[in-house]
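Count residues from 1 along the sequence.
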Amino acid sequence: MVKTITGVEEHPGGYVAYPIGLGGVVGQADSYEEALADVTSTLAFHVQTCGEEVLKGHEPLQEVFVAEGAVTM
């Protein structure tokens with residue numbers, strides 16, 4: 001079993017989900033639940049296809065923070 005902390009973002013066209021800290025794996029759908037299910041399925045396929053070594057080098061996350069930032073132009 002691979003446990004991840006997953007980010008889910010709502011956009012005008014639907015939802016995008018991704019395991020934080022694992023680049024290249026993304027799910028998307030019309031609802032939060034469907035996006036979460038899609039990214040779970042995508043990650044499982046990725047590991048089954050490429051092997052568990054694709055997860056090596058990714059340290060388990062201890063904490064994740066969501067912060068608001070600003071860019072002054």
Side-chain angles (χ1 to χ4, degrees):
M1 175 189 298
V2 176
K3 288 188 173 186
T4 64
I5 296 174
T6 302
V8 181
E9 300 174 357
E10 183 179 11
H11 294 268
Y15 291 81
V16 175
Y18 51 91
I20 296 172
L22 291 174
V25 179
V26 178
Q28 62 183 32
D30 293 330
S31 73
Y32 175 94
E33 292 81 9
E34 291 171 337
L36 195 54
D38 188 45
V39 76
T40 300
S41 173
T42 301
L43 180 58
F45 177 78
H46 188 62
V47 171
Q48 289 170 355
T49 302
C50 301
E52 289 189 27
E53 56 272 358
V54 297
L55 303 174
K56 290 183 181 172
H58 296 283
E59 294 292 323
L61 299 173
Q62 300 299 309
E63 291 183 278
V64 174
F65 300 94
V66 176
E68 185 174 329
V71 175
T72 304
M73 297 183 153

Looking at Asp38 and Gln28, would you say the former's side chain and the latter's main chain have a donor-acceptor pair under 3.5 Å? yes

If you group Ile, Leu, Val, Met, Phe, Trp and Tyr by side-chain heavy-atom gaps below 4.5 Å, do Val25 and Phe45 land in one group? no

Would you kindly confirm whether Tyr32 and Leu43 end up in one hydrophobic cluster when ILVMFWY residues are joined by side chain heavy atoms under 4.5 Å apart? yes

Do Val39 and Pro19 come close enough that some side-chain heavy atom pair is under 4.5 Å? yes

Mark yes or no for whether Ser41, through its side chain, and Ala37, through its backbone, hold a donor-acceptor pair below 3.5 Å. no

Does the side chain of Tyr15 come within less than 4.5 Å of Glu33's, by heavy atoms? no

Side chain to side chain, Thr42 and Val26, heavy atoms closer than 4.5 Å: no

Nearest heavy-atom pair of Ala35 and Ala17: which atoms, and what distance? O-CB, 3.6 Å

Are Gln48 and His46 close enough, and set up right, to give a side chain to side chain donor-acceptor pair (under 3.5 Å), and what steps lead you there? CA-CA 6 Å; Gln48 289 170 355; His46 188 62; over 6 Å; no

